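It should be emphasised that the depicted structure is a prediction, and the values quoted were computed from it without experimental measurement.
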Amino acid sequence: RENCQLNSMAAKLRTYNNLMAPSEPITAEQKRKCLLFRSAGWNYTRIAIFFKFTPRQAQYAILITEACSVPKGNTVRGQLPVLNHPQLLIVLAFTLSSRDARRMEYNRLATSLGWKCKPAIIRNALREVGYERYPALIRPTIIEEFRQARFDWAQDHVDWPVEQWKAVVWSGETRIMTGPHARIHVTRTIHEARDPACTIDDDAHLQNGNTFWATFSGLKGKGPSVFWDPSWGTVDAKNHSERVLPTVSYWIQQQPDNAKYCMEDRLIAHSDAAIRTELRNKNMEVLQLPPASPDLDLMAVAWDMIKTKIEEDRLVAHLRGRSAVVEAIETWNWIEEAHLMTLIESMPARCQAVIDA
């Protein structure tokens with residue numbers, strides 16, 4: 001009903017205002033409010049109806065606004081200019097307006113707002129009100145089928161004692177990208193980690209990079225790791241059997257009889273068949289994770305720690321020049337086994353969190 005009323009009023013205003021010049025110029029305050037309303041999701045027609053001018057004027061007021069000009073003077077020597085309160089409201093409203101805006105780096109935020117200022121000015125302003133850049137958490141879309149599967153799995157395993165979780169072998173592979181910010185980062189407060197605007201469905205954007213495989217268990221600690229050398233060629237079934245499977249076989253043979261091998265829901269095809277064959281030879285039971293459950297996959301948690309550490313190290317001068325293989329292996333070795341044990345001990349609480357959710 002509101003949309004119909006807006007469209008009807010807009011048609012009348014368009015006919016009238018397109019033929020007559022505005023009686024008064026658009027003020028700086030109106031321009032600032034136009035930008036705020038636009039950041040909140042209003043279209044030009046709705047803004048024009050609110051102020052009683054044309055949609056074209058509303059668009060102009062947003063693009064050319066005096067309130068957006070960043071101060072260049074009146075600053076202490078050696079310090080960056082600061083945003084005033086209206087400017088802070090504008091950049092904050094724009095940042096919170098969409099998922100795309102959340103993902104923008106500070107220089108892109110300045111460009112999108114039409115500001116010619118250093119990104120550090122926006123960074124400092126947002127930091128003052130509690131906003132920082134963080135890696136986006138991976139939270140897959142959970143359809144009803146996945147929700148039920150996750151709930152059933154958590155119900156079946158929530159009462160497992162810690163000793164039973166220690167007998168689980170956790171393994172997996174990931175891609176480690178080059179560059180200081182390979183992952184998607186978002187601007188958020190520390191309490192918004194799980195906000196839908198600050199999460200991503202998966203890490204499918206990591207198409208390239210170096211493949212790294214690792215494993216650990218509560219009874220044997222860290223297992224072997226394999227860094228895929230690009231000279232080995234494509235990661236296919238044949239190469240996987242020659243390069244990774246011998247290591248997997250050796251690690252499986254070291255496990256006690258009551259051990260279980262945890263496998264994620266959508267394991268890469270070239271890994272799945274070969275590993276399952278080895279598990280059958282060992283008579284080792286498979287612990288199959290439910291779909292869309294990185295929160296239940298401790299290897300996924302470990303990968304997140306590794307990637308965060310790698311990104312931090314790439315900002316340090318003497319660590320920036322490490323080769324990809326040294327970077328991956330040293331970072332994996334950096335994780336203490338005591339911390340991995342803490343992750344294992346958290347599994348009952350993780351299952352309970354799924355049930356509560």
Here the gap from E327 atom CD to T331 atom OG1, rounded to the nearest 0.5 Å, amounts to 6.0 Å
Check: Within 45° of the ring axis of W42 and under 6.0 Å from its six-membered ring centre, is that where the NZ or CZ of R46 lies?
Finding: yes
R133 side chain to H185 backbone, donor-acceptor under 3.5 Å: yes
Using atom types as modelled and distance alone, determine if a side-chain donor or acceptor of R322 lies under 3.5 Å from a backbone N or O of L319.
yes
* **Pair Y261, S171: side-chain N/O donor-acceptor within cut-off below 3.5 Å** => yes
Evaluate side chain to side chain contact (heavy atoms under 4.5 Å, CB included) for L96 paired with Y131, printing each intermediate quantity in order. CA-CA 11 Å; L96 304 181; Y131 286 83; 3.7 Å; yes
State, yes or no, whether a side-chain contact exists between M104 and S112 at a heavy-atom distance under 4.5 Å. yes
* Is it true that F151 and F146 fall in one hydrophobic cluster, defined by side-chain heavy atoms closer than 4.5 Å? -> no
> Are any non-hydrogen side-chain atoms of L89 and H85 less than 4.5 angstrom apart?
Replying inline: yes
Taken in chain and number order and not counting sequence neighbours, the residues that satisfy side-chain hydrogen bond (donor to acceptor under 3.5 Å, both in side chains) with N258 are none
key: Whether over 12 other heavy atoms sit under 6.0 Å from R139 CZ   = no
**Asked** Are side-chain heavy atoms of V169 and F216 found at a separation under 4.5 Å?
**Response** no
E145 atom CD, neighbour heavy-atom count above 12 within 6.0 Å: no
One should read off an interatomic distance between L83 CG and I122 CD1, to the nearest 0.5 angstrom, of 7.0 Å
Exercise. Does some side-chain heavy atom of S323 sit less than 4.5 Å from a side-chain heavy atom of V326?
Worked result: yes
* Asked: Should W165 and V301 be counted in the same cluster of Ile, Leu, Val, Met, Phe, Trp and Tyr side chains packed under 4.5 Å apart?
  -> yes
Closest non-hydrogen contact found for R103 with V186 is CG-CG1, 3.9 Å
Start with the C-alpha distance between W170 and D297, add both sets of side-chain angles, then the distance that settles side chain to side chain contact (heavy atoms under 4.5 Å, CB included), and finish with yes or no. CA-CA 8 Å; W170 304 88; D297 184 1; 4.1 Å; yes
Practice item. Assess the side chains of D152 and Q148: does a donor N or O sit below 3.5 Å from an acceptor N or O? Key: yes
Here the pair of heavy atoms bringing W251 nearest to T215 is NE1-OG1, 3.1 Å
- Message: Does this structure show an ion pair linking R127 with E132, if we count only N-O contacts that are shorter than 4.0 Å?
- Response: yes
A214 meets the side-chain contact (heavy atoms from CB on, under 4.5 Å) criterion, sequence neighbours left out, with F212, S225, M299, W303, W332
May I ask you to establish whether R123 and Y106 are in a cation-pi arrangement, using a distance under 6.0 Å from NZ or CZ to the six-membered ring centre and at most 45° from the ring axis? no
If you measure only the distance, is there a donor-acceptor pair under 3.5 Å linking the side chains of S98 and D100? no
**Study point:** From CA spacing to verdict: side chain to side chain contact (heavy atoms under 4.5 Å, CB included), Y134, T187
**Key:** CA-CA 6 Å; Y134 295 95; T187 303; over 6 Å; no
### Task
Would you indicate whether the side-chain heavy atoms of P135 and I184 approach each other to under 4.5 Å?
no
- Is it true that atom CD of E242 has more than 12 heavy atoms of other residues, nucleotides or ligands lying nearer than 6.0 Å? yes
Between D229 and R243, does the salt bridge (Lys or Arg N to Asp or Glu O under 4.0 Å) criterion hold? Intermediate values first, please. CA-CA 10 Å; D229 192 321; R243 306 290 183 178; over 6 Å; no
Show the numbers, then the answer: is there a side-chain hydrogen bond (donor to acceptor under 3.5 Å, both in side chains) between T174 and K307? CA-CA 10 Å; T174 189; K307 292 175 182 179; 2.8 Å; yes
Can a donor-acceptor pair be found, under 3.5 Å and without considering hydrogens, that links the side chain of E312 to the backbone of K309?
no
*What do the steps show when you test I355 against V158 for side chain to side chain contact (heavy atoms under 4.5 Å, CB included), and what is the final call?*
CA-CA 9 Å; I355 296 171; V158 68; 4.1 Å; yes
Check your understanding: Any link between V162 and V168 through a network of hydrophobic side chains (Ile, Leu, Val, Met, Phe, Trp, Tyr) touching at under 4.5 Å?
Key -> no
What one should report as the nearest heavy-atom pair of P224 and W213 is O-CZ3, 3.5 Å
For residues 340-349, please give each side-chain donor-acceptor pair under 3.5 Å, one per line with the distance, not counting sequence neighbours.
unit_1 : atom_1 : unit_2 : atom_2 : d
T342   : OG1    : A338   : O      : 3.0
S346   : OG     : L343   : O      : 2.5
S346   : OG     : R350   : NE     : 2.9

Salt bridge (Lys or Arg N to Asp or Glu O under 4.0 Å) assessment of E192 paired with R102:
CA-CA 11 Å; E192 294 180 311; R102 290 271 197 172; 3.1 Å; yes
Note: Q164 and K260 closest approach over all heavy atoms is NE2-NZ, 4.3 Å
Between E311 and R314 (salt bridge meaning N to carboxylate O under 4.0 Å), is one present in this structure? no
Do I335 and K222 touch side chain to side chain, with heavy atoms closer than 4.5 Å? yes
### Task
Check step by step if salt bridge (Lys or Arg N to Asp or Glu O under 4.0 Å) holds for K166 and E163.
CA-CA 5 Å; K166 289 181 179 180; E163 292 302 320; 3.3 Å; yes
Cluster question for you: counting only ILVMFWY and a side-chain heavy-atom cut-off of under 4.5 Å, with indirect links fine, are I121 and V129 together? yes
Counting heavy atoms not belonging to N333, are there more than 12 under 6.0 Å from its CG? yes
message = Taking W334 as the starting point, is it possible to reach I329 by hopping between hydrophobic residues whose side chains are less than 4.5 Å apart?
response = yes
Rounded to the nearest 0.5 Å, the CG atom of L137 sits from the CD1 atom of I200 at a distance of 8.5 Å
For the residue pair F50 and K33, establish whether any side-chain heavy-atom pair is separated by less than 4.5 Å. no
Separation between CD (E128) and CG (N124), nearest 0.5 Å, reads 7.5 Å
Here the gap from C351 atom SG to D156 atom CG, rounded to the nearest 0.5 Å, amounts to 9.5 Å
- Criterion side-chain hydrogen bond (donor to acceptor under 3.5 Å, both in side chains) on R150 and S293, from CA distance to verdict: CA-CA 7 Å; R150 282 167 50 81; S293 299; 2.9 Å; yes
Distance col, row E337:CD vs K220:NZ, nearest 0.5 angstrom, shows 12.0 Å
Exam field: side chain H157 to backbone W153, donor-acceptor pair closer than 3.5 Å
yes
Heavy-atom closest pair (L296 atom, L289 atom, distance to 0.1 Å) is O-CD2, 3.7 Å
For A101 and T95, the nearest pair of non-hydrogen atoms, with its separation, is CB-O, 3.6 Å
